[in-house]
Structure formats: structure tokens, C-alpha cells
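Please read the structure below before turning to the comments.
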Amino acid sequence: MNNKVLILAVHPDDETLGCGGTLLKHKDNNDEIHLLIATSLDKTHSYYEKKEKEIEQISKLYSFNSVHNLRLKTMRVDEYSMSELVVKISNLIKNIKPNIIYLPFIYDVHSDHRKIFEAAFSCTKSFRYPFLKKIYI
């Protein structure tokens with residue numbers, strides 16, 4: 001049986017910086033890999049179009065089975081309630097049903113990373129998501 005993997009990247013490029021080589025190994029093993037990006041630049045930001053093109057390019061290079069973006073305000077994740085974040089992440093986990101999930105580092109100095117970790121980790125309870133077998137932090 002092949003794995004179904006979900007990588008939760010708080011910002012675009014975190015998937016590569018955090019576990020790019022591991023994702024390539026999963027792809028080499030014919031595992032499904034799905035990407036969830038939590039944040040996005042505001043459309044008025046001068047780098048918005050460039051960043052969106054980079055996300056499209058990297059998605060093709062990794063051959064992700066799916067790419068999702070919650071489009072939370074980057075560097076302002078703390079403005080969202082925990083319950084709002086949990087619902088958004090939980091809905092995607094229920095839809096994809098990964099057996100392996102990669103989460104951001106719990107002790108990251110960036111508050112966006114810590115808040116997304118906390119919300120995502122609360123979505124990994126085995127009695128709610130019995131299909132989850134491995135959680136990497």
C-alpha cells in the first residue's frame with residue numbers, strides 16, 4: 001500500500017525548506033503527496049504575482065497530487081481564533097485522509113508557525129482521524 005502524505009507549510013517554500021528531500025523520497029516511492037499552504041500574501045503586495053507563479057512552478061516540480069491554500073494573512077495568523085484555524089485544517093485533513101502528516105516545528109521563533117502547529121496538532125487525535133498513522137514535527 002502506498003502512503004498518502006500531507007505536508008502543512010505555513011508559508012510558501014516551507015515545504016521545501018522543512019522536508020523537500022523527504023517529499024521527493026515519498027514521490028519516488030509512488031506515495032501521494034498533498035500540500036497545504038496556510039498563508040498567502042495580500043493581492044496588493046508587490047510580490048503577490050511572483051509568489052503565486054513560484055507556488056505553481058514548485059507544485060509542478062514536486063508533482064503534488066493536490067495543492068490547497070487557506071489564504072490566511074501572512075505574519076498575522078495570530079489574528080485568527082484557534083477554533084477557526086482548527087476547522088479549516090480539519091476539513092482538509094478529513095477530505096484528503098492522509099496516513100502521514102508533516103507539521104511545522106512547535107518551537108519555531110515565527111509566531112505563524114507556532115499557531116499553525118498548535119491548530120494542526122489538535123487535528124491529529126486518533127479517535128477522530130483513525131487514518132492518521134504517523135505525525136512528523
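Everything numeric in this text was worked out from a predicted model, so none of it was measured. Residue indices begin at 1 and follow the sequence shown.
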message: With side chain to side chain contact (heavy atoms under 4.5 Å, CB included) as the criterion, how do E54 and D13 come out once you've worked through the C-alpha distance, each side chain's angles and the decisive distance to 0.1 Å?
response: CA-CA 9 Å; E54 288 174 355; D13 79 7; over 6 Å; no

task: Just do the side chain to side chain contact (heavy atoms under 4.5 Å, CB included) check on L36 and I96 with the steps written out, would you?
output: CA-CA 11 Å; L36 170 58; I96 293 173; over 6 Å; no

- request: Any chance you could lay out the side chain to side chain contact (heavy atoms under 4.5 Å, CB included) test for I33 and L6, step after step, and finish with the verdict?
  value: CA-CA 6 Å; I33 55 173; L6 175 63; over 6 Å; no

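Listed by chain and residue number, nothing satisfies the salt bridge (charged side-chain N to carboxylate O under 4.0 Å, His left out) test with E49 (two or more places apart in sequence, or in another chain). Remark: E56 pairs with no residue by the side-chain hydrogen bond (donor to acceptor under 3.5 Å, both in side chains) rule, at least two apart or across chains. Shown here are the ring-ring contact (aromatic ring centres under 6.0 Å, His included) partners of H113, two or more places apart in sequence or in another chain: H11, H110. For E84, the salt bridge (charged side-chain N to carboxylate O under 4.0 Å, His left out) criterion is met by no residue, not counting sequence neighbours. The side chain to side chain contact (heavy atoms under 4.5 Å, CB included) test applied to T16 returns I58, Y62, not counting sequence neighbours. Every residue was checked against the salt bridge (charged side-chain N to carboxylate O under 4.0 Å, His left out) condition with E118, not counting sequence neighbours, and none meets it. Evaluation of the side-chain hydrogen bond (donor to acceptor under 3.5 Å, both in side chains) rule for Q57 yields no partner, not counting sequence neighbours. Applying the side-chain hydrogen bond (donor to acceptor under 3.5 Å, both in side chains) test to S46 and every residue at least two apart in sequence or in another chain returns nothing. For D78, there are no side-chain hydrogen bond (donor to acceptor under 3.5 Å, both in side chains) partners at least two apart in sequence or on another chain. Contacts of K27 classified as salt bridge (charged side-chain N to carboxylate O under 4.0 Å, His left out), with partners at least two apart in sequence or in another chain: none.
The two atoms that bring S40 and Y48 nearest to each other are OG-CE1, 3.9 Å, heavy atoms only. Smallest separation of non-hydrogen atoms from T39 and K73: CG2-O, 4.3 Å. M75 and D112 get closest at one heavy-atom pair: N-OD2, 2.6 Å.
The closest side-chain donor-acceptor pair between N30 and N2, if any, does not fall under 3.5 angstrom.
Side-chain contact between V5 and I101 is absent, with no heavy-atom pair separated by less than 4.5 Å. At a threshold of 4.5 Å between non-hydrogen side-chain atoms, the residues P98 and I93 count as touching.
Judged purely by atom type and a 3.5 angstrom limit, K94 has no side-chain atom pairing as donor or acceptor with the backbone of N91. Using a distance-only test at 3.5 Å, with no hydrogens or angles considered, no donor-acceptor pair links the side chain of D14 to the main chain of A9. Not a single donor-acceptor pair under 3.5 Å links the side chain of R114 to the backbone N or O of I106. A donor-acceptor contact shorter than 3.5 Å is absent between the side chain of S59 and the backbone of F64.
Expressed to the nearest 0.5 Å, how far SG of C19 lies from NE2 of H26 amounts to 7.5 Å. Rounding to the nearest 0.5 Å gives a distance of 6.0 Å between CG of L70 and CD1 of I89. Atom-to-atom distance recorded for E15:CD and L17:CG is 7.5 Å, nearest 0.5 angstrom. We find the CD1-CD distance between I100 and E32 to be 11.5 Å, quoted to the nearest 0.5 Å.
In terms of hydrophobic clustering, with Ile, Leu, Val, Met, Phe, Trp and Tyr side chains grouped at heavy-atom distances under 4.5 Å, I37 and V86 are assigned to different clusters. One hydrophobic cluster, built from ILVMFWY side chains closer than 4.5 Å, cannot hold both L92 and L23; they sit in different ones. Hydrophobic clustering, with ILVMFWY side chains joined whenever heavy atoms are under 4.5 angstrom apart, keeps V109 apart from F117. No single ILVMFWY cluster, assembled from side-chain heavy atoms under 4.5 Å apart, contains both L72 and L35. Both L103 and L85 belong to a common hydrophobic cluster when Ile, Leu, Val, Met, Phe, Trp and Tyr are linked at side-chain heavy-atom distances under 4.5 angstrom.
Atom CE of M82 has more than 12 neighbouring heavy atoms from other residues, nucleotides or ligands inside a 6.0 Å radius.
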Compile the donor-acceptor pairs under 3.5 Å between side chains in residues 124-137 and protein atoms, sequence neighbours left out, one pair per line.
unit_1 : atom_1 : unit_2 : atom_2 : d
T124   : OG1    : F121   : O      : 2.6
Y129   : OH     : S90    : OG     : 2.4
K133   : NZ     : P130   : O      : 2.8

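Classification of E52 and R71 as a salt-bridged pair holds, one side-chain N sitting under 4.0 Å from a carboxylate O.
The stretch residues 67-92 participates, sequence neighbours left out, in no ring-ring contact (aromatic ring centres under 6.0 Å, His included) pair at all.
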